2 protein chains.
Amino acid sequence: MSEPTIYDVAREAGFSIKTVSRVLNGEGGVRPETVARVRAAIEHLDYHPNPAARRLGGGKLPTIGLVVDSLNDPFFGEVIAVVERRAVEMGMDVLVASTGMDAARNQSQIERLVRRGVAGLIVAPFGEGQAARAVLPDKIPVVVIDRQCGIQDKDVVRVTDHEGAHEAVCHLVAHGHRRIAFLGETAEFSTVQDRLAGYSDALLEAGLEVDGQLIETTCWDADAAYPLALAMLAPADAPTAVFASTPLVGLGVLRALKRLDRQDVALVVFGDFPLAELMTPPTTVVDQRPTALAEAAFAHLARRLEDPVAAVVETVLPTRLVQRGSGELPPRGPR
Amino acid sequence: MSEPTIYDVAREAGFSIKTVSRVLNGEGGVRPETVARVRAAIEHLDYHPNPAARRLGGGKLPTIGLVVDSLNDPFFGEVIAVVERRAVEMGMDVLVASTGMDAARNQSQIERLVRRGVAGLIVAPFGEGQAARAVLPDKIPVVVIDRQCGIQDKDVVRVTDHEGAHEAVCHLVAHGHRRIAFLGETAEFSTVQDRLAGYSDALLEAGLEVDGQLIETTCWDADAAYPLALAMLAPADAPTAVFASTPLVGLGVLRALKRLDRQDVALVVFGDFPLAELMTPPTTVVDQRPTALAEAAFAHLARRLEDPVAAVVETVLPTRLVQRGSGELPPRGPR
DNA sequence: AGGGCGCATGACAGCGCTGTCAATACCTCA
DNA sequence: TGAGGTATTGACAGCGCTGTCATGCGCCCT
């Protein structure tokens with residue numbers, strides 16, 4: 001009635017549990033004929049090794065831990081979906097943990113997962129440099145996603161934040177914009193800092209002034225961005241285009257535009273979001289391609305699970321400018 | 001260097017491991033003074049019991065399994081976020097599993113989680129009646145969410161599908177609509193069947209004819225709904241209002257409306273979605289309140305983990321009609 | 001023929017915890 | 001004073017698996 005154990009398999013196959021264990025773990029040193037018989041017994045009994053027991057014997061759980069900011073964020077939702085699919089394909093589970101933008105919680109979540117005995121971790125890290133690095137375990141493989149945070153000795157998969165922002169702003173400039181606003185929280189994340197740098201560089205290259213009045217670096221979420229966007233777009237000399245450094249900030253901007261009933265302000269958002277194509281006008285975005293990022297992260301983790309001492313790699317995926325309309329609006333004339 | 005074990009705590013406290021175990025599990029029969037000393041030792045060593053070892057001793061992992069259709073669906077994303085937050089609050093983990101609308105995978109995922117030794121399961125079930133019920137384990141608590149699927153002997157948390165659809169269609173009727181379309185896949189899910197029933201009942205109550213031409217029951221996702229919506233809205237005698245039975249179907253309809261450049265078709269979507277307020281016009285929805293649903297599901301599971309023989313309850317949460325504009329449009333005049 | 005070697009397999013001790021049952025000390029009541 | 005409780009604690013055997021080390025056997029070489 002209860003789950004069969006390795007003893008049942010051993011009895012069924014007519015060998016010792018150790019031999020079964022060898023077959024299970026592909027250790028070799030077993031006659032092919034024996035392997036076949038053990039396999040048959042496993043099949044016959046529908047045996048599945050008990051992960052807890054395995055772990056107890058010093059091993060790791062067939063489980064991957066995934067630590068992200070927010071589990072209902074569309075970006076991370078995509079990441080979760082990909083990681084889960086790949087993990088299940090190779091017989092592993094996924095434990096999820098959210099940090100909710102809280103460094104302490106980030107740390108405690110990581111520690112919890114490590115204690116649980118996960119075999120590897122995919123983490124969207126938090127903070128910067130030493131602090132960010134310190135909370136990552138060294139005993140198991142870790143792949144850092146989305147934000148590099150100055151971490152040097154772990155595999156990292158991120159996107160071209162600087163180049164993506166640069167391209168977006170160049171795009172706006174190419175469409176005639178001279179006054180382009182930047183909205184985003186730069187204190188918290190290096191990614192947003194990189195995007196701000198990309199923004200500034202693009203302006204400078206175009207021979208345009210970087211106007212501090214048009215740069216808002218204190219809004220993280222949509223609720224914070226909304227009033228700031230409202231205020232920024234109100235004046236007579238308001239910018240004719242806006243670069244939103246994250247989808248949430250973009251949402252705040254879109255709300256402000258809706259509120260102001262303005263469809264003439266050009267907008268590019270860093271990070272795609274569902275229904276962007278249904279906005280009026282459809283929103284032009286810098287696609288971070290979360291699926292590709294997640295695939296790469298998982299591939300790195302899988303590689304490192306096999307070969308823990310493989311060389312550390314940093315993968316920087318290119319972003320993709322998706323022109324949908326809002327980023328191609330011309331500057332409106334003076335009111 | 002390595003994690004402290006119960007032996008370390010016992011030594012530190014000056015008692016046997018069994019006494020430490022008693023304190024850990026709140027078994028009682030331990031002098032308060034002893035409890036305090038053990039607690040102090042635990043604190044001092046930063047000891048955390050090894051879940052794998054616990055499970056091996058016949059127990060369950062401090063882990064909840066969550067099985068949903070899709071991990072990047074906004075609705076389930078909300079559910080995941082809530083469940084994870086609550087679970088962590090009570091020291092538990094969350095293992096996620098997606099089924100991708102595949103009955104076989106649904107079953108294998110559930111079996112996998114059960115084998116892992118999760119303490120309880122929250123499942124969006126699949127199929128109908130016997131088949132749906134059969135894959136649910138009986139050894140551990142299970143809470144069924146979103147779809148009842150004819151399951152009688154498990155706790156269920158769902159929403160008022162019939163009433164919600166009924167209210168939505170009545171709302172459209174009240175705004176003068178006489179030709180109201182229904183789009184959604186009814187073969188797969190009883191929830192959508194209930195919504196269709198609510199739709200039909202509302203029409204009949206209003207003395208309106210239920211026109212099979214206006215009912216499309218074969219589209220599950222946005223890609224399938226799009227051409228069907230396009231076709232349905234094209235004729236001269238096209239419906240003046242549409243009821244979309246799921247957010248994905250709603251998305252397909254919105255795409256079709258965008259394509260046709262029509263802003264005069266009334267629309268109510270069953271299930272809220274991000275950015276609905278930013279549509280033109282903003283989309284009126286029947287909010288399924290995923291957060292409330294997830295909270296209720298978790299509460300049920302927690303209750304049942306404490307008391308496995310508690311009476312089975314079915315919680316039916318009311319939906320909420322969120323009027324944003326698209327559902328309040330008047331019927332357009334003849335072209 | 002005999003020593004040595006490699007291959008295939010098995011016996012057994014943990015891993016960290018909980019369940020069972022025993023032991024001890026201290027009371028209580030007759 | 002002694003039998004029988006009660007409260008507190010501990011010894012020990014698993015749980016299912018893997019790591020270590022031992023065993024048995026056939027084969028090669030000298």
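Here is how names work: the chains are called A, B, and so on, in the same order as the sequence lines, proteins then strands, and each is numbered from 1. All of these numbers come straight from a predicted model, not from anything done at the bench.
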In plain terms, say whether Arg147(A) and Asp69(A) are close enough for a salt bridge, that is, a side-chain N and a carboxylate O under 4.0 Å apart.
yes
For His48(A), does the NE2 atom have more than 12 heavy-atom neighbours from other residues, nucleotides or ligands under 6.0 Å away?
yes
Between Ile17(A) (CD1) and dT18(D) (P), how many Å, whole number?
9 Å
Which nucleotide in dC17(C), dG10(C), dG10(D) has an atom nearest any side-chain atom of Phe15(A):
dG10(C)
Identify the residue among Arg55(A), Arg116(A), Arg115(A) that makes a side-chain contact (heavy atoms from CB on, under 4.5 Å) with Asn50(B).
Arg55(A)
Output for pair (Glu314(B) CD, Lys154(B) NZ), nearest 0.5 Å, gives 14.5 Å
Do any side-chain nitrogens or oxygens of Ser21(B) fall under 4.0 Å of OP1 or OP2 in dC17(C)?
no
Atom-pair distance (CD on Glu27(A); C1' on dC7(C)), nearest Å:
15 Å
Whole angstroms only, please: what is the CG-P distance between Leu45(A) and dG16(D)?
14 Å
Measure from the side chain of Lys18(B), starting at C-beta and using heavy atoms only, and say which of dA11(D), dT9(C), dG16(C) lies closest.
dA11(D)
Is Thr19(A) near enough to dT9(C) that one of its side-chain N or O atoms lies under 4.0 angstrom from OP1 or OP2?
no
Any base atoms under 4.0 Å from Tyr7(A), or only sugar-phosphate, or nothing? Heavy atoms, all strands.
base
Is a donor-acceptor pair below 3.5 Å formed from side chain Arg22(A) to base dG10(C), judging by atom type as modelled?
yes
Hey, what do you get for CD (Glu89(B)) to CZ (Phe298(B)), rounding to the nearest 0.5 Å?
8.0 Å
Grab the CG-C1' distance between Leu24(A) and dG19(D) for me, whole Å please.
15 Å
Check Ala119(B) against Ile140(B) and note the closest heavy-atom contact, atom names and distance.
O-CB, 3.7 Å
Does Ser16(A) put a side-chain nitrogen or oxygen below 4.0 Å from OP1 or OP2 of dG10(C)?
yes
Send over the distance from Arg11(A) CZ to dT9(C) C1', rounded to a whole Å.
18 Å
Would the base of dG16(D) count as contacting Arg55(B) through its side chain, where contact means a donor and an acceptor less than 3.5 Å apart?
no
To the nearest angstrom, how far is Ile6(B) atom CD1 from dC12(D) atom P?
17 Å
Please work out which residues in residues 29-37 of chain B have a non-hydrogen atom less than 4.0 Å from an atom of DNA chain D and list them by number.
Gly29(B), Val30(B), Arg31(B), Thr34(B)
Atom-pair distance (CG on Leu56(B); P on dC15(C)), nearest Å:
13 Å
Mind checking whether Phe126(A) and Phe189(A) have parallel, tilted or perpendicular rings, split at 30° and 60°?
perpendicular
Looking at Asn25(A), I'd like to know whether one of its side-chain N or O atoms comes within less than 4.0 Å of OP1 or OP2 on dT18(D).
yes
Rounded interatomic separation in angstrom, taking CZ from Arg116(B) and C1' from dC15(D):
18 Å
